[in-house]
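Taking it in order: structure first as structure tokens, then the write-up.
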Amino acid sequence: MKPQRLTNPFPFSDDNKRYQTYSWYLKNRFGGKVFKVPLNVDLGCPNRDGTKGSGGCIFCSAKASGDFAGDPYEDISRQFDEIRGIMHKKWPEGRYIPYFQAGSNTYGDVSLLRDLFERALTFENTVGLAIATRADCIDREKADLLAGLAEKTYLTVELGLQSIFDKTAQLCNRCHTYEDFLRGFGLLRERGINVCVHIINGLPGETREMMLRTAETVGQLGVHAVKIHLLHILRGTVLAQMYERGEFEAMTQDDYVSLVCDQIERLPKEVIVERVTGDGARQDLIAPLWSLKKFCVMNSIDKELCRRGTWQGRLADDVQRR
């Protein structure tokens with residue numbers, strides 16, 4: 001007798017996922033496979049060049065979180081063609097979203113930004129645009145530029161928040177407050193621009209309750225999407241020095257999986273969950289080494305949600321009523 005297939009109660013899924021994946025959303029919006037092509041235009045960051053701080057956030061790699069993006073010494077069209085070519089072998093019918101990933105991609109002159117973004121929209125089979133930046137690199141002029149792009153294409157602006165707690169931000173050398181984040185976020189939201197917020201689980205000094213509170217708060221902001229990251233401890237970072245001195249411990253896989261499931265339950269079902277874990281460059285990763293088995297982590301999250309009989313948004317109304 002064949003085992004009975006369990007019914008998935010979550011509406012925004014056509015497989016075993018009990019949360020709204022980015023892949024599912026894009027497939028249903030565009031009618032087929034769509035994937036991001038990560039680019040690096042080396043615009044820098046105010047937290048690295050001395051404008052706000054130096055050295056960047058304590059967890060940020062030398063490539064400014066663009067370890068899997070293109071070569072900044074190459075033109076963006078060449079970067080796009082090279083990375084797209086690799087992905088095209090796996091998804092020959094796929095379409096593309098150029099993804100300005102590394103650094104803070106609204107940290108520059110508006111005319112330069114307009115040229116870069118408009119060029120990316122001309123790339124073959126492009127159906128959208130994703131731009132990663134910091135909330136304190138958004139002002140009215142740049143928000144207006146982004147609003148113009150959003151009228152032409154499916155645009156998502158990604159903001160690295162990581163935690164709503166200013167104590168954590170200070171320890172991480174983020175160099176802007178949660179209030180600063182809300183100002184930049186507000187400029188985007190009032191123009192109807194899709195925003196994806198990044199959060200990190202496992203930051204030094206944070207409790208489970210703090211990490212859960214960050215996810216709950218972000219979920220109630222009206223975001224388009226969220227990325228849930230595991231803290232990766234990478235060689236050459238200040239974070240690695242802290243870890244080697246024994247100032248904090250890396251999360252265990254069991255604790256991480258349990259926490260992510262708690263966070264997913266509390267996110268409104270309409271919010272796209274673009275990531276439930278992240279990638280640390282294998283050659284640079286110090287801990288946690290279990291994160292290298294990315295699909296095992298993702299499968300464990302799926303299994304735990306099923307074991308609980310739960311899904312994304314099941315507790316979102318409880319959060320809203322508080």
Side-chain angles (χ1 to χ4, degrees), residues 45-48 52-53 55-61 64-65 103-104 132-138 157-186 188-189 195-234 237-243 247-252 255-268 271-280 287-288 291 315-316 319 322:
C45 177
N47 198 16
R48 286 177 173 260
K52 287 285 188 74
C57 295
I58 61 173
F59 49 78
C60 199
S61 69
S65 297
S104 301
T133 190
R134 289 163 56 99
D136 60 346
C137 291
I138 300 290
V157 177
E158 301 190 12
L159 299 180
L161 172 62
Q162 324 313 357
S163 172
I164 65 170
F165 295 96
D166 287 340
K167 181 180 179 181
T168 302
Q170 186 174 10
L171 177 64
C172 291
N173 195 43
R174 192 177 69 194
C175 296
H176 73 68
T177 64
Y178 182 55
E179 185 177 346
D180 294 331
F181 166 83
L182 291 175
R183 278 195 291 269
F185 174 79
L188 299 173
R189 285 288 294 141
V195 179
C196 173
V197 176
H198 294 224
I199 63 175
I200 294 180
N201 291 330
L203 291 168
E206 290 225 329
T207 64
R208 181 187 183 89
E209 290 71 25
M210 293 169 72
M211 292 179 257
L212 196 55
R213 178 73 179 280
T214 288
E216 291 176 345
T217 302
V218 168
Q220 296 300 314
L221 289 177
V223 298
H224 178 61
V226 64
K227 283 186 176 179
I228 303 173
H229 293 275
L230 167 68
L231 180 68
H232 289 104
I233 302 158
L234 303 175
T237 62
V238 173
L239 186 72
Q241 298 172 16
M242 295 170 62
Y243 179 72
E247 295 178 16
F248 72 100
E249 295 181 357
M251 292 191 78
T252 67
D255 285 346
Y256 183 77
V257 168
S258 176
L259 173 62
V260 170
C261 291
D262 287 347
Q263 292 171 324
I264 286 173
E265 286 180 312
R266 289 159 173 80
L267 290 173
V271 174
I272 302 162
V273 182
E274 288 201 22
R275 278 186 177 272
V276 291
T277 186
D279 297 291
S291 67
L315 300 179
V319 174
R322 288 180 195 165

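Counting only heavy atoms from C-beta outward, the side chains of Leu212 and Arg266 approach each other to under 4.5 Å. Counting heavy atoms from C-beta on, the side chains of Leu221 and Leu182 come closer than 4.5 Å. By the 4.5 Å heavy-atom criterion applied to side chains, Cys196 and Glu274 are counted as neighbours. Looking at heavy atoms from C-beta onward, His232 lies in side-chain contact with Ser291 at the 4.5 angstrom threshold. The side-chain heavy atoms of Met251 and Leu259, taken from C-beta on, include a pair separated by under 4.5 Å. Residues Leu159 and Thr133 are in side-chain contact: their nearest non-hydrogen atoms beyond the backbone lie under 4.5 Å apart. At least one side-chain heavy atom of Val271 sits under 4.5 Å from a side-chain heavy atom of Val223. Looking at Pro46 and Cys175, their side chains never come closer than 4.5 Å, going by heavy atoms from C-beta outward.
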*asked:* Checking Leu161 against Arg174 for the side-chain contact (heavy atoms from CB on, under 4.5 Å) test, could you report, in this order, the C-alpha distance in whole Å, the side-chain angles of both residues, the deciding distance, and whether it holds?
replied: CA-CA 9 Å; Leu161 172 62; Arg174 192 177 69 194; 3.6 Å; yes
>> Run the side-chain contact (heavy atoms from CB on, under 4.5 Å) test on Leu171 and Leu203 for me, step by step, so that the C-alpha distance in whole Å, both residues' side-chain angles and the decisive distance to 0.1 Å come before the verdict.
In response: CA-CA 9 Å; Leu171 177 64; Leu203 291 168; over 6 Å; no
- Under the salt bridge (Lys or Arg N to Asp or Glu O under 4.0 Å) criterion, do Glu179 and Arg183 qualify, and how do the steps go? CA-CA 6 Å; Glu179 185 177 346; Arg183 278 195 291 269; 3.3 Å; yes
Practice item. Could you give me the CA-CA distance, side-chain angles and deciding distance for Val319 and Gln220, then say whether side-chain contact (heavy atoms from CB on, under 4.5 Å) is met? Key: CA-CA 8 Å; Val319 174; Gln220 296 300 314; 3.9 Å; yes
Inset, instruction - Show your working on side-chain contact (heavy atoms from CB on, under 4.5 Å) between Phe165 and Thr214 and close with a plain yes or no. - result: CA-CA 8 Å; Phe165 295 96; Thr214 288; 3.9 Å; yes
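A donor-acceptor pair under 3.5 Å is absent between the side-chain atoms of Asn201 and the main chain of Met211, judged by distance alone. Between the side chain of Asp166 and the backbone N or O of Tyr178 there is at least one donor-acceptor pair closer than 3.5 Å. Side-chain N or O atoms of Gln263 include none that pairs as donor or acceptor with a backbone N or O of Val276 at under 3.5 Å.
Dense packing is recorded around CZ of Arg275, with more than 12 heavy atoms of other residues, nucleotides or ligands lying under 6.0 Å away. The 12-atom threshold is exceeded at CD of Glu247, counting heavy atoms of other residues, nucleotides or ligands nearer than 6.0 Å.
Partner Leu239 forms a side chain to side chain contact (heavy atoms under 4.5 Å, CB included) with one of Leu231, Asn173, Leu234 and no other, that one being Leu231.
Between Met242 and Ile58, the shortest heavy-atom distance links the atoms SD-CD1, 3.8 Å. Listed here is the closest heavy atom pair of Ser163 and Glu206: OG-OE2, 2.6 Å. Taking both residues in full, the closest heavy atoms of Arg134 and Cys45 are given as CD-SG, 3.7 Å, listed atom of the first, atom of the second, then distance. The shortest heavy-atom contact between Leu230 and Pro288 is CD2-CG, 3.6 Å.
The structure places CG of Asp180 at 13.0 Å from CD1 of Ile138, a figure rounded to the nearest 0.5 Å. Here the CD-CG distance, from Glu216 to Leu267, works out to 9.0 Å after rounding to the nearest 0.5 Å. Taking SG of Cys172 as the start and NZ of Lys167 as the end, the distance is 12.0 Å to the nearest 0.5 Å. Atoms CZ and CG, from Arg208 and Asp255 in turn, are 6.5 Å apart once rounded to the nearest 0.5 Å. Taken from SG in Cys137 to NE2 in His176, the straight-line distance is 8.0 Å, to the nearest 0.5 Å. With values rounded to the nearest 0.5 angstrom, Leu315 atom CG is found 12.0 Å from Ile264 atom CD1.
Here the two rings, on Tyr243 and Phe248, have centers that are under 6.0 Å apart.
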